[in-house]
Amino acid sequence: MRRTGLVALWIAATGLAGPAAAELGIEIFGGDDPRLRLGTVAFEGGKTLDLRVGIGSAAFRRPGAPEAVFVTLSDRGPNFPCGEAEEIAGVEGEKLCAGIEGGRIYPMPDYSPTIFRIEAKDGRFRILQTIPITDREGRPVTGLPNPLTQATTETPVDSSGKKLEARASAIDAEGIVELADGTFWIGEENAPSILHVAADGKVIRRLVPAGSEGDFATAGYPVEGKLPTILVKRQLNRGIESMAASPDERFLWFVLQNPLANPDAKAYQTARNTRLFKFDRAADRLLAEYVYELTPMAEFPGEEKKAQSTARISELLALDDDRLLILDRTERTTKIFAIDTRGATDILGSKWDDPATLPSLEQTSLAEAGVTPVGKRLVLDSSRHPELPSKIEGMAFFADGSLMIINDDDFGIDGCRTLVARVRGLDLR
C-alpha cells in the first residue's frame, strides 16, 4: 500500500483527522463494506490477488441531496497491461500474453461498471445503493475494450492468457454527474465518449466521435457521432475521464485526460495542451472548446524528470457557468485548480479540430498561435498534505461547500483501499 494510504488509514483509525496545514481542515473516511469484495483470482505459477471494487473513479453530489450523500463510479474492472504481469501477478507477461500485441489482462472480465450511492459520515463511508450500467434490454455492460477501427485499441485476455472478445456495448466509465430528473451523464475513457444513463442504469444513448459510430453497431443502445472526429486520436487509455454540470444543469463539461496523440504518440508524450468541451443540453450540441494547459512535471515534487504524459486530468467540478475546479495529477500528487473559461479562445470547429492541421494544437506554442488557454489558480496541492490519499479521481461538494475527494484504488490490485476525504478551508472564490 502506498505511504499516503497508510497515513490516511492511521488517521481514520485513531480519529485524529483534522487541520493539517495551511489552515485546511481535513477529515478522512474509511470503509469496508462486504459488497466491495470481489474475491480472489489465482494466477497459475504466480500470485493470488485479493480484489475489491474501486468506487472512486468519479464523484458527484446533486444539489438538494442529503448533506453527505454522493454518487461515485467504478471504472471497467480489474485490469493491467501484459507488461506489468510479472510485478502484479507473479507471471511473466510474455508467457501469459504470448504472441499478443497490445495485450491487457482482465482477471474478472464480466465485471460491470457500476454507479454507487454512498454516505460519508462519522469517520466512515457506507454504500446506500448500487446501480450496474446496462444496455437498453437490461443486460449488464462490461469494461472490456470496444472493437474500435477508427481509434487504437487493446487485445483483452483473461487470467489464463485466453483472448477475450471485444464488446461494442462495453464502457470504461470514469466521470459522472447526476441530474435533477435522476438520470446520469457519464464520461468514458476508451472510445472516447459521453453517455446519458437512466436512473435504473440503462444507457439512453452514447455520443462518440463523428465517423466512429459503426464501431458500436451492436451496442444494444443508440450511438450518435456528435463529438469532433479528431477525438479518435486520443492516446490509448487517455480519453474522457471527467464530467461536470453547471448549477442550472444547462451545460455539461468534459475534458480529455491528456493531449491527443496528434499527429502521433510522440506529440502526446511531450504536449501540455488538452481540450475542454462545453455541451449545451437544450441545443444538444457542443457549444465551445477551450485549451487547458497541463501542469508541467517540474511542479510535481520527486517526479520532475518524468515524461510530461505522466500528468493527467481526472475530474471536473463546476462552480458556475464559466468556472470549474479541475483535478490535475500524477500517481503520487494531486493538484486542484480553479479555472476560468472567460477570456479563453474558443477553438471549436477551427483548424485545430482538423486532423490535417500541422503542426497540430498538441505541437503548438499557444502564445505564438494566438490561442489563450483557460485561466488557472492553484487551490490544493496534495504534496503539502500527506494525510490525503494518492491517485485521487473523484471530487464533489458537501452541502456546506467543503470539498469531498475520493481515490481510485485500482480494485485493490496493489493493496490500496478506497478512502474519502473532506477538505475545509479552500479558497474557491
Side-chain angles (χ1 to χ4, degrees), residues 1-13 28-44 46-59 70 72-91 93 96 104-118 120 123-127 130 132-133 140 142-144 156-160 172-174 176 189 237 241 314-315 329-332 334 382 387-394 405-421:
M1 183 180 290
R2 299 180 179 93
R3 177 180 176 274
T4 50
L6 288 170
V7 172
L9 284 173
W10 176 81
I11 291 172
I28 304 293
F29 304 82
D32 191 24
D33 192 299
R35 286 172 289 183
L36 295 180
R37 298 172 188 169
L38 283 174
T40 59
V41 174
F43 287 81
E44 185 177 356
K47 301 177 183 178
T48 297
L49 301 181
D50 180 14
L51 301 174
R52 301 190 179 206
V53 181
I55 67 171
S57 284
F70 307 89
T72 68
L73 191 63
S74 72
D75 58 21
R76 55 181 161 167
N79 68 91
F80 51 91
C82 291
E84 296 178 11
E86 187 166 8
E87 176 186 358
I88 293 173
V91 180
L96 193 60
R104 196 169 191 94
I105 299 164
Y106 288 76
M108 294 184 170
D110 293 326
Y111 177 79
S112 180
T114 299
I115 299 165
F116 293 83
R117 198 175 305 278
I118 69 168
R124 308 293 292 175
F125 71 81
R126 64 189 184 101
I127 296 172
T130 60
I133 301 172
T142 71
L144 292 170
V157 300
D158 65 15
S159 57
S160 67
D172 185 1
E174 294 279 0
I176 191 168
E189 187 173 24
N237 298 325
E241 191 160 327
S314 286
E315 184 68 298
R329 69 168 182 86
T330 64
E331 294 289 313
R332 291 169 50 176
T334 296
S382 72
E387 67 272 39
L388 291 174
S390 56
K391 205 171 189 285
I392 298 167
E393 293 197 7
I405 55 178
I406 185 170
N407 68 315
D408 177 8
D409 71 1
D410 286 330
F411 289 81
I413 284 175
D414 65 354
C416 193
R417 293 293 179 255
T418 299
L419 294 168
V420 172

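For reference, positions follow the sequence shown, starting with 1.
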Legend entry - Atom pair CD1 (Ile413) and CG (Asn79), whose distance is rounded to the nearest 0.5 Å: 6.0 Å
Legend entry - Ser74 side chain vs Thr114 backbone, donor-acceptor pair below 3.5 Å: yes
Inset, instruction - Taking the side chain as every heavy atom from C-beta outward, state whether Thr418 and Phe125 have any pair of such atoms under 4.5 Å apart. - result: yes
Inset, instruction - Give the minimum heavy-atom separation between Ala421 and Leu388, together with the two atoms involved. - result: CB-CD2, 3.8 Å
Inset, instruction - Any chance you could measure Leu73, atom CG, to Ser57, atom OG, to the nearest 0.5 Å? - result: 6.0 Å
Inset, instruction - Starting at CD1 of Ile405, measure out to OG of Ser382 and round the result to the nearest 0.5 Å. - result: 8.0 Å
Inset, instruction - Rounded to the nearest 0.5 Å, what's the gap from CG on Asn237 to CZ on Arg104? Could you check? - result: 4.5 Å
Inset, instruction - For residues Glu174 and Ala58, report the shortest heavy-atom separation together with the two atoms involved. - result: O-CB, 3.4 Å
Inset, instruction - Report the C-alpha distance between Thr72 and Ile176 in whole Å, list the side-chain angles of each, state the deciding distance to 0.1 Å, and finish with yes or no for side chain to side chain contact (heavy atoms under 4.5 Å, CB included). - result: CA-CA 7 Å; Thr72 68; Ile176 191 168; over 6 Å; no
Inset, instruction - Look at the side chain of Ser112 and the backbone N and O of Ile133, then say whether any donor-acceptor pair between them is shorter than 3.5 Å. - result: yes
Legend entry - Contact summary for Leu96 and Ser160, nearest pair of heavy atoms: CD1-C, 3.6 Å
Legend entry - Distance in Å, Phe70 CZ paired with Ile118 CD1, rounded so as to fall on 0.5 Å steps: 7.0 Å
Legend entry - Between CZ on residue Arg117 and CD1 on residue Ile127, distance to nearest 0.5 Å: 12.5 Å
Inset, instruction - Would you name the heavy atoms of Val420 and Ile406 that are closest together and state the gap between them? - result: CG2-CD1, 3.8 Å
Inset, instruction - Using a 4.5 Å cut-off on heavy atoms from C-beta on, say whether the side chain of Asp172 contacts that of Pro113. - result: no
Inset, instruction - Would you please indicate yes or no on a ring centroid separation below 6.0 angstrom for Phe411 and Tyr111? - result: yes
Legend entry - Side chain proximity check, Val41 to Met108, heavy atoms < 4.5 angstrom: yes
Legend entry - Phe116 vs Val53 side-chain heavy atoms within contact, under 4.5 Å: yes
Inset, instruction - Return yes if some donor-acceptor pair links the side-chain N/O of Lys47 with the main-chain N/O of Glu87 below 3.5 Å, else return no. - result: yes
Legend entry - Shortest non-hydrogen contact from Cys82 toward Val157: SG-CG2, 4.5 Å
Inset, instruction - Test Asp32 against every option in Arg126, Arg37, Arg124, Arg417 by the salt bridge (Lys or Arg N to Asp or Glu O under 4.0 Å) rule and name the one that passes. - result: Arg37
Legend entry - Side chain proximity check, Ile55 to Leu36, heavy atoms < 4.5 angstrom: yes
Legend entry - Ala89 versus Phe80, closest heavy-atom pair with distance: CB-CZ, 4.1 Å
Legend entry - Lys391/Asp410 ion pair, N-O < 4.0 Å: yes
Inset, instruction - Answer whether the closest heavy-atom distance between the side chains of Leu49 and Phe43 falls below 4.5 Å. - result: yes
